[in-house]
Structure formats: structure tokens, C-alpha cells
S.K.: 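Handing you a structure now.
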Amino acid sequence: MSAIAPVKGTRDFYPNQKAFQRWMYDHIRAVSEKFGYQEYEGPFLERLELYAAKSGEELVQEQSFVFPDRGGEMIALRPELTPSLARMLATRSKSMIRPIRWWSFGPFWRYERPQKGRSREFFQWNIDLLGVDSPQADAEIVVVAAAFFKAIGLTAKDVRIKVNNRRLADQQLDKLGVPPERHQQVFRLIDRRSKLNAKEWNTYAEEIGLDQEQIVGLEDLLNNSVAWREFDELKDFFDAVEQMGASEYVEYDPIVIRGLDYYTGNVFEAYDAVGEERAILGGGRYDDLVADIGGEPLPGVGFAMGDVVTGIVLDKCGVRPDLRANPADVFIPTFDESSRGEALRLAAELRVAGLKVEWFPEIARLPKQFKYADQQGIPLAVILGPDEIELDQVAIKDLRTGTQTTIPRSKVIERVRELLEPRNEL
RNA sequence: GUGCCCGUAGCUCAAUGGCAGAGCGCCUGACUGUGGAUCUGGAGGUUGCGGGUUCGAGCCCCGUCGGGCACCCCA
């Protein structure tokens, strides 16, 4: 038990956990770049008012880490990235060539009660396509998400991306005679459908002023899995998803609404197939946000994916990789004082040749040294003890197979590279 | 912010209100130039923290910190 407790809702990243995060980051980068997106970063601190503009009330008032700076300005640890993105673009949008494809991965903070899949400090992948307002742009963003899932080993049987459209939902409620000012409440009702039983749900629906006819109509809507066919924005979207080969991951779901106020068109969320966990990612189209923050009108679509739920789903599906913390290529044991200098020279020589080399920093029993190398996951040991020095040789032991050969010292770099070759094909 | 459950060795967990333990891991040796297997021995604890009840508290009570679950919300 540590003397000073960690801050509630934060996590320590020990090397193997950091290796996992790095692995996720590498896939995020690879997929983002595969679609031509560029990496960017915003500040971790923003004025609170940036979020007051368009994020939900609850988000600003209850769930942000906020403090006054010395001048009395209210500062927030960023709870999301999209407003920062909008601000960055608002100041330069006139000079930017469109479309704009940007992605980012970094820390965010929310003052919430931590529980499974939800911490106060977490990492998020944000990716956005701006300057274009088309269902095909929405489709590309969703296909990026599907490509990422595929890359990290989550199949269409493991995860689903569920899509709906704000305007369609509004139209549907209009048809039921729900006045526009009630839509928000009804969206909340829809969101609760999976959490309440039929009777509770009915009671709740009555409480917000729906009559029986409207409730029945609403249920019909929520059970209608083909309503998208009558709605061009979704029809074109699903066509494009199909053309990009990601249909298996993507489906229409009238229950997806999203909490944020700034979404205007297609919205989506990804869940584990069983639907037990929180959303893995969520996003949608936000056509007014940049203008609201003071820039030129700039339509956009994007999503954010948290690292916590993604990790849980990987565990659940049994595809979390077993990662070691970036082991060296070569291990060099230390025999005695007389040979230590030569061993250090050899290590330096191999590093100059571009290899990752770790030596044992004290004279210790060899079993201990080899055990250490094995546990680190280092594939090769290059052995230069008194006997080898005498004969101008080195012994190379492949710790993966246990085979050891002795070669002239002058051949060591060449031989090590050969032995590492298959490893680098990964 | 509300309610409930939990907190014992590095990890996973035992211990009726009565001597704080096991497995795994770690260190050590069997094996003084070679890892994984097996066996030997060892270290490791103010039972999250603070108070209270009691002859006696890991266990009961109160508070606090941390974790989990359900609300709330979900960027």
C-alpha cells in the first residue's frame, strides 16, 4: 500500500500496460493514416466557456475538472476534444484546404464516479472529417472505425456499429405529434429503453406527456429496422459503407441518439455484440459547431473512442495481445572483470549497427542472467566470455529455441541480423 | 451527487471476536560458462487510513480514502 494514494479514477501504466496502450496507439495511427488523416493535438487546458457553447449542460457543470487560474479565469481540463478542434479550425478555416482529415490520441478528464469502463482520466482517439457534408463522408468515418476493429482483432461478431439520424428521429417524432420542445425528453426515454422493463418504460413515457397512441407509435418506430430505407441520408450512407466493404460491422438502430447537443445528422455508436458494456466509441455529424464557436460555417463528422472500454471488449473477446514491454534484440551477459570491458565494447558495436542491446550490469551467476534475459523476452544472447575472447569468437544463443552456435567475432552483426530476420517480418 | 458491496504479503485469496496463513511471484541453493522443468531454504504484513466498542478486533461500530455494482450521465 503506497504512502500517498493515487488520485481517484486515475490509472498507473506499468510497462506491460503501457505496451498495450502503445499497441493500440500504433493501430490507431496506422488505420488513420491509411485513410489519409493527419495527426494533431489540442491543449489539455481550455477555457470553460468553450464547452459551455455547445456541449451538454451536465457535461460542463457536473463532469468537468474546473479551476480558476490566478486571474480568475475558469479553466477546464479538457473533457472532450471536438470543441478544441472546432476552435482551432474556426481561427484558420479560411486558409485551410478542404476536406480536412485530422486525428488525435490523448488524455481527457471527467469528474465522474469511476466504475467499470469509466475512469476520471482516460485516453481517447478522436478522428474527424471536415469541410464536406455528405453521407459518403459519414460512411468513411464509420468505415475507419470498422477498419480499426478489424485491425485489432475484433470481428463483426464481436462488435457492432449502430447508426441512426437525428433528422430522421425528429421527423418521426413530428409525425407522432410530439412537439419539437419535447423531443429531447423523448430521446432520453428512448435511451432508457434497455434499462427499464415494459411497465416502467410505459409509466415514464406517460410522465413526459405521451398518450397511449404515441407510445405505441414510438414502440413501432423503435422496432422498425428498415426505416432508413425511406431516408436518403441513411440510404446513401449505407450504400457507401457497402461499397467500402464494411457492411458486416454496420447496422441501423433507431435507439441510438447520442447525448451531445451539437449533433445534427447521422449519429452512431459501437458496442460489443452482446451489448453488455458501455459504448466503445460514439460520434456523428455536427454541421454547426465551428460556426457556433465563431468561425466560418464548416460541416464535420467524427467520433471519439475511449481506451478503457476498448480494452474491456478486447479482454472479453479473448484477443488482447500478450505484450512484453518492447524487449531488446540482444542480451549480453557479464562474466567477470577481465571480460567485462570487451563485452561493453561488443554491446556498443552492436548498437552502432542499429540493434537494441541490453547487457547485465553486474557480475552475477549465469543462470540468473539468462533467466533475466528470458523473462524480458529478449530473443538472442551474444556471449563473450574469457574463452571467446581468447579465440576471437562469440557464442550466439537463440533463447527462443535454445540452440547455440559459436562464430568468429567479426561475423557477429551479420549473424545476429540473420537470426532476427523472421521476427522483423511481423 | 444518491444507494449497496468490497479493501489481509508484489498478485489471487484463506483465517468462529482468541498465535495473521496458502498458492503464484520474488530471492537463495541443488547447478561456481548458460533461461524455461523439478525440488531445497528464505525474505516479504502497523490486515487501506483514523477513531470507537471489547480482557482481546483482520473480523463488530463510526468516519475517511480507494475499488466495484446500480442510479445519474455518457464527450
Side-chain angles (χ1 to χ4, degrees), chain A residues 1-12 14 16 46 50-51 53-64 76-86 108-120 122 124-126 128 188 191-192 195-196 200 256-263 267 269 271 276-284 286 289 302-306 308-309 331-336 339 360 363-390 395-404 406:
Chain A
M1 308 307 121
S2 52
I4 298 173
V7 173
K8 185 177 187 139
T10 61
R11 292 166 293 163
D12 295 326
Y14 289 83
N16 63 327
E46 290 278 12
L50 177 68
Y51 305 105
K54 263 294 186 176
S55 307
E57 280 292 303
E58 175 98 13
L59 168 55
V60 177
Q61 303 202 342
E62 310 284 339
Q63 295 182 306
S64 295
L77 279 168
R78 63 180 189 183
E80 59 164 329
L81 189 60
T82 307
S84 300
L85 169 66
F108 295 86
W109 295 266
R110 282 182 223 166
Y111 200 89
E112 290 189 292
R113 187 121 178 212
Q115 47 187 272
K116 191 180 184 189
R118 191 163 78 178
S119 58
R120 287 186 172 180
F122 55 94
Q124 250 186 12
W125 173 30
N126 280 261
D128 293 272
R188 184 165 292 188
D191 197 45
R192 254 171 238 193
K195 288 179 182 169
L196 303 176
E200 290 167 337
V256 170
I257 291 294
R258 306 290 299 153
L260 279 186
D261 296 340
Y262 55 63
Y263 290 117
V267 291
E269 292 178 338
Y271 288 92
E276 285 174 349
E277 306 299 333
R278 296 164 190 285
I280 302 166
L281 60 84
Y286 50 92
L289 186 59
F303 68 79
M305 183 195 81
V308 182
V309 176
F331 176 76
I332 298 183
T334 299
F335 282 80
D336 54 25
S339 64
F360 203 81
I363 296 161
R365 293 181 58 252
L366 283 175
K368 181 178 174 176
Q369 298 192 43
F370 278 91
K371 188 174 182 183
Y372 169 80
D374 183 49
Q375 288 179 334
Q376 291 299 303
I378 300 172
L380 297 178
V382 175
I383 299 150
L384 185 61
D387 299 351
E388 288 80 9
I389 291 171
E390 179 82 37
I396 298 183
K397 178 164 185 172
D398 191 323
L399 293 168
R400 298 163 297 191
T401 60
T403 56
Q404 179 169 331
T406 300

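Computed from a predicted structure; not experimentally measured. All heavy atoms count here, side chains included; hydrogens, waters and symmetry mates do not. Each chain gets a letter, A, B and so on, in the order its sequence line appears, and its residues count up from 1.
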S.K.: Indicate, with a heavy-atom threshold strictly under 4.0 Å, whether A:R11 touches base, sugar-phosphate, or nothing.
M.R.: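 The residue A:R11 makes no contact with any strand.
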S.K.: Between B:C74, B:G33, B:G35, which one does the side chain of A:R278 approach most closely?
M.R.: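 Nearest listed nucleotide: B:C74.
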S.K.: Mind checking side chain to side chain contact (heavy atoms under 4.5 Å, CB included) for A:S119 and listing every partner two or more places apart, or none if nothing turns up?
M.R.: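 Testing A:S119 for side chain to side chain contact (heavy atoms under 4.5 Å, CB included), a comparison that skips the adjacent residues, returns A:R11, A:F122, A:V308.
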S.K.: In whole angstroms, how far is the C1' atom of B:G67 from the CZ atom of A:R118?
M.R.: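 Value for this atom pair: 14 Å.
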S.K.: Expressed as a whole number of Å, how far does the C1' atom of B:U38 sit from that of B:U28?
M.R.: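 Rounded to whole Å, the distance is 16 Å.
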S.K.: What integer distance in Å separates A:E388:CD from B:U34:P?
M.R.: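 Whole-Å distance recorded here is 12 Å.
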S.K.: Would you measure the distance from the C1' atom in B:G7 across to the matching atom in B:A15 and give it in whole Å?
M.R.: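 Between the two C1' atoms, the distance is 16 Å.
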S.K.: Rounded off to whole Å, could you give me the CD1-to-P distance for the A:I257 and B:C73 pair?
M.R.: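 It works out to 15 Å between those atoms.
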S.K.: Please report the distance, rounded to the nearest Å, between CD1 in A:I383 and C1' in B:U34.
M.R.: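 Those two atoms, CD1 and C1', are 6 Å apart.
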S.K.: Is any side-chain nitrogen or oxygen of A:R113 closer than 4.0 Å to OP1 or OP2 of B:U2?
M.R.: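 For B:U2, OP1/OP2 do not have a side-chain N/O of A:R113 under 4.0 Å.
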S.K.: Expressed as a whole number of Å, how far does the P atom of B:C19 sit from that of B:G33?
M.R.: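 These two P atoms come out 49 Å apart once rounded.
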S.K.: May I ask you to test the A:D128-A:Y286 pair for a side-chain heavy-atom distance under 4.5 Å?
M.R.: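 Sidechains of A:Y286 and A:D128: in contact.
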S.K.: Give me the distance, rounded to whole Å, that separates B:A20 from B:G56 when you measure between the P atoms they each carry.
M.R.: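 The same atom, P, in both gives a distance of 16 Å.
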S.K.: What interatomic distance, in whole Å, is found between C1' of B:U8 and the corresponding atom of B:G45?
M.R.: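 It comes out at 8 Å once rounded to the nearest Å.
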S.K.: Determine whether a donor-acceptor pair (one donor, one acceptor, N or O, separation below 3.5 Å) exists between the side chain of A:Q404 and the base of B:U34.
M.R.: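 Side chain to base: pair present.
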S.K.: To the nearest Å, how far apart are A:F108 CZ and B:C74 C1'?
M.R.: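 Those two atoms, CZ and C1', are 15 Å apart.
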S.K.: For A:G402, report the nucleic acid contact type (base, sugar-phosphate, nothing); a contact means any heavy atom under 4.0 Å.
M.R.: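 Base contact.
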S.K.: Which nucleotide in the list B:A70, B:G36, B:G33 gets nearest to the side chain of A:D374?
M.R.: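 The closest nucleotide is B:G36.
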S.K.: Under 4.0 Å between a side-chain N or O of A:K397 and OP1 or OP2 of B:U34?
M.R.: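 Answer no for this pair, as no side-chain N or O of A:K397 is under 4.0 Å from OP1 or OP2.
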S.K.: With sequence neighbours left out, what residues match A:D336 under side chain to side chain contact (heavy atoms under 4.5 Å, CB included)?
M.R.: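 Side chain to side chain contact (heavy atoms under 4.5 Å, CB included) check on A:D336 returns A:S338, A:S339, A:P386.
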S.K.: Taking the C1' atom in each of B:U16 and B:C60, what is the distance between them to the nearest angstrom?
M.R.: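 Straight-line distance between the two C1' atoms is 14 Å.
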S.K.: Rounded to whole angstroms, how far apart are CG on A:D12 and P on B:G67?
M.R.: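 To the nearest whole Å, that distance equals 11 Å.
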S.K.: How long is the line joining NZ of A:K8 and P of B:C65, in whole Å?
M.R.: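 The distance from NZ of A:K8 to P of B:C65 comes to 7 Å, rounded to the nearest Å.
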S.K.: Just the rounded figure in Å: distance from P of B:G36 to CG of A:L380.
M.R.: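 Spelled out: CG on A:L380 to P on B:G36 is 18 Å.
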S.K.: Let me spell it out: for each of A:A304 and A:D398, pick the nucleotide of RNA chain B with the closest heavy atom. Which residue's pick is nearer the 5' end?
M.R.: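 Nearest-nucleotide comparison on RNA chain B picks A:D398.
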S.K.: Mind checking what makes side chain to side chain contact (heavy atoms under 4.5 Å, CB included) contact with A:A304, not counting sequence neighbours?
M.R.: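 A:Q124, A:N126.
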S.K.: For A:D374, enumerate each residue passing the side chain to side chain donor-acceptor pair (under 3.5 Å) test, keeping only those at least two apart in sequence or located in another chain.
M.R.: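 Partners of A:D374 by the side chain to side chain donor-acceptor pair (under 3.5 Å) criterion come out as none, since no residue qualifies.
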S.K.: State which residues pass salt bridge (charged side-chain N to carboxylate O under 4.0 Å, His left out) with A:K116; sequence neighbours excluded, sorted by chain then number.
M.R.: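 Partners of A:K116 under the salt bridge (charged side-chain N to carboxylate O under 4.0 Å, His left out) test: A:E277.
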S.K.: List the residues meeting side chain to side chain contact (heavy atoms under 4.5 Å, CB included) with A:L399, not counting sequence neighbours, and say none if there are none.
M.R.: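 Result, side chain to side chain contact (heavy atoms under 4.5 Å, CB included) vs A:L399: A:F370, A:A373, A:A381, A:K397.
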S.K.: What integer number of Å spans the C1' atoms of B:G52 and B:A14?
M.R.: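 Comparing C1' positions in B:G52 and B:A14 gives a spacing of 28 Å.
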S.K.: Return yes if some donor-acceptor pair links the side-chain N/O of A:Q369 with the main-chain N/O of A:A364 below 3.5 Å, else return no.
M.R.: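 Yes: the side chain of A:Q369 pairs with the backbone of A:A364.
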S.K.: Which range-with-range stems can be found for RNA chain B when each stem has 3 or more Watson-Crick or G-U pairs in a row and both distances sit under 3.5 Å?
M.R.: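 Counting only runs of 3 or more consecutive pairs, the stems involving RNA chain B are B:1-7 with B:65-71, B:10-13 with B:21-24, B:48-52 with B:60-64.
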S.K.: When the C1' atoms of B:G18 and B:G50 are considered, how many whole Å apart are they?
M.R.: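 To the nearest whole Å, 25 Å.
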S.K.: Could you tell me whether the side chain of A:P79 reaches within less than 4.5 Å of the side chain of A:Y51, counting heavy atoms only?
M.R.: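 With C-beta onward as the side chain, the pair touches.
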S.K.: Return whichever of A:K116 or A:Q124 has its heavy-atom-nearest nucleotide of RNA chain B closer to the 5' end.
M.R.: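 Result: A:K116.
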S.K.: Scan A:P114 against the nucleic acid and name what it touches under 4.0 Å (heavy atoms): base, sugar-phosphate only, or nothing.
M.R.: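 Result for A:P114 = sugar-phosphate.
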S.K.: Could you pull out all residues at least two apart from A:R120 that satisfy side chain to side chain donor-acceptor pair (under 3.5 Å)?
M.R.: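 Per chain and number, A:R120 pairs via side chain to side chain donor-acceptor pair (under 3.5 Å) with no residue.
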S.K.: When all nucleic acid strands are considered with a 4.0 Å heavy-atom cut-off, which category describes A:D387: base, sugar-phosphate, or nothing?
M.R.: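 Result for A:D387 = base.
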S.K.: For nucleotides 23-31 of chain B, give me one character per nucleotide, 5' to 3': B if any protein heavy atom sits under 4.0 Å from the base, S if the only such contacts are to the sugar-phosphate, - if neither.
M.R.: ---S-SS-S
S.K.: Are A:I383 and A:I396 close enough that some pair of their side-chain heavy atoms sits under 4.5 Å apart?
M.R.: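 No - every pair of side-chain heavy atoms lies 4.5 Å or more apart.
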